[in-house]
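Every chain is numbered from 1, with letters handed out A, B, ... down the list of sequences. The structure displayed is predicted, hence computed values, not measured ones.
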Protein chains: 2
Amino acid sequence: MADQPAHTGLIWRERPGRGRPTAERPTSPAADRADAVYADLRRAIIEQSLMPGDKLPEDTIGESFGVSRTLVRGALTRLVADGLVEQWKNRGSFVASPSLVEAQQVFDVRRQPEGLVVERLAGALAREHANRLHGHVAAEKRFHGKEGPEAIRLAGEFHVLLAELTGNTLLARYVSEVVSRSSLILALYSRPHPSECGASEHAEIIEALIAGNAARARYLMDHHLGAVQERALLPKPGAAGRSLKDVLVRYAEPREPLPMASPTQRRA
Amino acid sequence: MADQPAHTGLIWRERPGRGRPTAERPTSPAADRADAVYADLRRAIIEQSLMPGDKLPEDTIGESFGVSRTLVRGALTRLVADGLVEQWKNRGSFVASPSLVEAQQVFDVRRQPEGLVVERLAGALAREHANRLHGHVAAEKRFHGKEGPEAIRLAGEFHVLLAELTGNTLLARYVSEVVSRSSLILALYSRPHPSECGASEHAEIIEALIAGNAARARYLMDHHLGAVQERALLPKPGAAGRSLKDVLVRYAEPREPLPMASPTQRRA
DNA sequence: TCGTAACGGATTGTGTCCAATACTGTCACC
DNA sequence: GGTGACAGTATTGGACACAATCCGTTACGA
C-alpha cells in the first residue's frame with residue numbers, strides 16, 4: 001500500500017503536466033501530512049490494530065501524529081465517507097461497527113462491482129498484469145495458515161488490485177470501499193478459521209481470466225465472495241468461549257458506541 | 001430533497017433511542033448548519049446552478065451561508081468524496097469536470113448497482129411503495145418537454161428513491177452517488193434535447209417490478225440507462241452553436257481548472 | 001434501596017489568526 | 001516582438017483558543 005489507490009489516498013489532486021516545481025522539499029511536505037494521517041489511520045483499522053468500536057479522539061490522534069486537530073478532523077471525515085469510521089454528535093469518532101444487517105448488505109452489494117471487474121478483465125489481461133496478480137497470490141500463500149492482519153489485508157488488496165487493472169477509476173474506488181468494509185466485518189464477526197483458503201480461490205480466478213472465460217470467472221468470483229461471506233457471518237453456533245457480548249453485538253442495530261467501555265486510546 | 005438520503009445528508013449520526021433530549025431547540029442547531037451548507041451546495045451543483053469548472057472559494061461560500069470557513073471546508077471535503085467537487089492543492093475547490101472517459105466509466109459502473117436494485121425490488125414492492133413511485137413519475141411528467149434543472153433532478157431522484165426502497169443503505173448510497181455524477185455529466189456534455197422521455201421509461205420499470213418480472217425489469221433498466229448514456233455522451237456531431245471550448249473540454253483528460261477563466265464566484 | 005437532580009470533567013464544535021503558496025500583471029532584457 | 005524574471009495580491013493550509021454540549025458521578029430525597 002506504499003502508493004495507494006488514487007481515489008482514496010490523496011485529497012489534493014496533483015497538478016498535471018509541468019512536473020512538480022519544487023522537487024522533493026526537505027521539510028515535511030505540508031498537505032501530505034494530512035494524507036499520512038488518513039492513510040495510517042485507515043491502515044490501522046483495516047489491519048485491526050484499531051478494533052470496531054474503539055474511540056478515536058481528535059486530540060489524542062493529533063498528538064500521536066504531531067499535527068493539530070484540524071488535520072485529524074479532515075482525515076476522520078474522509079474515513080466516515082469510506083464507511084470505516086462513525087461520528088456521533090458531541091461524542092466523537094469511533095471505528096465503525098457495522099451491524100449484522102449492514103454486513104449482509106455489504107456482501108450483497110459487493111458482488112456487483114466485483115462481477116463487473118472480472119467481466120471486463122476476462123481475456124483482456126496484459127502479460128504484465130497477470131504477473132502482478134500471480135505475484136500477489138504468491139505473497140498471500142506465504143501467510144497460509146496464519147490469520148494475522150496482514151493476511152486479511154493482502155486478501156483484500158487482491159480484489160483492489162484486480163479492480164485497478166480495469167482502468168476504471170470509479171469501479172476501483174467502489175471495490176476498494178467494499179473491501180475495506182469487509183475487512184471491518186471480518187474483524188467484528190468472523191471466528192478464527194484455521195486456514196485462509198482464499199489464495200487458491202484467487203489463483204483460480206486468475207486462470208479463468210487468462211483463459212478468457214468470462215462466465216467462469218464471474219462464477220468463481222461469486223462463489224469466492226460467497227465463501228468469504230459465509231466465513232464472516234456464519235460462525236459455528238455452538239462455539240465455545242463465546243461471550244455474551246460477542247453474541248449481543250450481532251443484534252445491536254444502530255451501533256451506538258458504549259459510553260464507558262471505550263478504552264481511552266489504542267495506538268497502532 | 002427536503003429530508004435527503006441518510007447516507008450523504010448527515011455527518012453526525014443521531015443517537016438512537018432516548019428521543020432527542022432537548023426537543024426543537026430554537027437557535028440554529030449547531031451541526032445542522034454544516035449539513036445545510038453541504039446539502040445546498042450539492043443541490044446547486046446537481047441543479048446546475050453551479051456548472052462544472054466553477055470555482056468554489058471557501059470564504060465566498062462562507063459569507064453566503066453565514067458560516068465560517070471551517071464548516072465550508074468540511075462540506076467541500078464531503079463533496080469531494082461524492083465526486084462532485086475537485087480540490088487542487090493551494091488552488092482551491094472547483095465543481096468537478098469529469099472527462100469523457102470518466103463519464104463513460106460512470107455509466108459503465110452505474111448499471112451494476114441499479115441492476116441489483118430492480119432485481120431486489122421485483123415482486124417485492126409494497127403497495128405504498130408503488131404509490132410513491134407512481135407519484136414521483138407523475139411529478140416528472142409535469143416537466144415533460146421542459147429541460148430545466150428540476151427535470152434532471154427529478155429524473156435522478158427516481159433512481160435514488162428506487163434504491164432506497166430496497167432497504168439496503170449501502171446500495172442506496174452508491175446509486176445516489178452515481179446519479180449525482182451522472183447529473184454532472186449531463187450538465188457537461190449533453191445537448192439540449194427536445195423531450196426527456198425518461199418518465200415513461202420509469203413507468204415501464206415500475207410496471208415490471210409490480211408484475212414481479214425481474215428479468216424484464218433488469219432489461220428495461222439497462223436499456224433506460226443506455227438511453228440516458230447515449231443522450232449524454234453522443235450529441236449530434238455537427239450541431240450548430242458549438243463553441244471551441246465545448247469541443248475541447250471533451251478531450252482534456254486530467255481536468256485542470258483553467259487558471260484565469262474561472263469566474264470569481266457564482267451564487268446559487 | 002432506588003430514582004432524580006445537580007455538579008464537574010472531558011471532548012467536541014466553531015471561529016479566527018498567521019504563514020505559506022500560487023497566480024497575475026508588470027518590467028527588463030534578448 | 002517575444003521571453004524571462006520579479007513583485008504584489010489573493011486564497012488557501014494549518015493551528016489555536018474559546019464556547020457549547022454531553023457524560024459520568026455524586027448527593028439528596030422518597
Side-chain angles (χ1 to χ4, degrees), chain A residues 10-18 20-23 25-38 55-63 65-77 80 85-94 256-265, chain B residues 10-18 20-23 25-38 55-63 65-77 80 85-94 256-265:
Chain A
L10 302 162
I11 13 178
W12 300 115
R13 300 184 64 157
E14 286 288 333
R15 308 200 56 207
R18 77 170 66 183
R20 54 189 61 193
T22 66
R25 51 179 87 96
T27 70
S28 62
D32 289 355
R33 285 190 302 162
D35 291 334
V37 175
Y38 168 77
K55 187 156 171 40
L56 302 172
E58 296 178 355
D59 47 7
T60 304
I61 297 173
E63 287 168 21
F65 287 96
V67 299
S68 84
R69 279 177 51 209
T70 307
L71 293 188
V72 175
R73 203 179 304 174
L76 289 176
T77 302
V80 169
V85 166
E86 291 174 357
Q87 290 182 317
W88 300 78
K89 191 178 171 70
N90 287 318
R91 295 208 48 200
S93 307
F94 301 81
E256 178 176 11
L258 306 175
M260 284 203 56
S262 61
T264 332
Q265 64 186 54
Chain B
L10 302 162
I11 12 179
W12 299 115
R13 301 185 63 157
E14 286 289 333
R15 307 199 59 207
R18 77 173 63 182
R20 53 188 62 191
T22 66
R25 52 178 86 98
T27 69
S28 63
D32 289 354
R33 286 190 301 162
D35 290 334
V37 175
Y38 167 77
K55 187 152 170 43
L56 302 172
E58 295 179 355
D59 48 5
T60 304
I61 296 172
E63 287 168 21
F65 287 97
V67 299
S68 83
R69 278 177 51 207
T70 307
L71 295 186
V72 176
R73 219 180 290 180
L76 289 175
T77 303
V80 170
V85 165
E86 292 174 356
Q87 290 183 317
W88 301 77
K89 190 177 170 66
N90 286 319
R91 294 208 48 201
S93 307
F94 302 80
E256 177 176 12
L258 308 174
M260 284 203 58
S262 61
T264 331
Q265 63 186 56

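Per the geometry, CZ belonging to Phe94(B) stands 14 Å off P belonging to dA22(C), to the nearest Å. Between Asp35(A) atom CG and dG13(D) atom P the separation is 12 Å, expressed in whole Å. Protein atom CZ of Arg33(A) is 12 Å distant from nucleotide atom C1' of dA20(C), rounded to whole Å. Atom-to-atom, CG of Asn90(B) to P of dA22(C) comes out at 5 Å; the value is rounded to the nearest Å. Between Arg73(B) atom CZ and dG13(C) atom C1' there is a gap of 14 Å when expressed in whole angstrom units. Rounded to whole Å, the distance from CH2 on Trp88(B) to P on dC23(C) is 11 Å. In this entry the distance linking CG of Leu71(A) with P of dT12(D) reads 17 Å, nearest Å.
The side chain of Asp59(A) sits closest to dT12(C) out of dT12(C), dA22(C), dG14(D). In this structure, of dG15(C), dA15(D), dG13(C), it is dG13(C) that holds the atom nearest to the side chain of Glu58(A).
Under 3.5 Å, the side chain of Ser68(A) and the base of dG14(D) form no donor-acceptor pair of N or O atoms. No N or O donor and acceptor, one from the side chain of Arg69(A) and one from the base of dG14(D), sit under 3.5 Å apart.
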Glu58(A) vs Leu76(A), side-chain contact (heavy atoms from CB on, under 4.5 Å): CA-CA, chis, key distance, verdict
CA-CA 9 Å; Glu58(A) 296 178 355; Leu76(A) 289 176; 4.0 Å; yes
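Residues satisfying the side chain to side chain donor-acceptor pair (under 3.5 Å) criterion with Arg73(B), sequence neighbours excluded, are absent altogether.
Closest non-hydrogen pair, Val37(A) versus Ala75(A), comes out as CG1-CB, 3.7 Å.
The distance from atom CG of Leu71(A) to atom CG of Asp35(A), rounded to the nearest 0.5 Å, is 10.0 Å. To the nearest 0.5 Å, atom CZ of residue Phe94(B) and atom NZ of residue Lys55(B) are 4.0 Å apart.
Applying the 4.0 Å criterion to OP1 and OP2 of dC23(C), one finds that Lys55(B) has every side-chain N and O outside that range. Proximity of Arg91(B) to the phosphate of dC23(C): a side-chain N or O atom is located under 4.0 Å from OP1 or OP2.
Along DNA chain D, the nucleotide closest to Thr70(B) and the one closest to Leu56(B) are compared, and the more 5′ of them pairs with Leu56(B).
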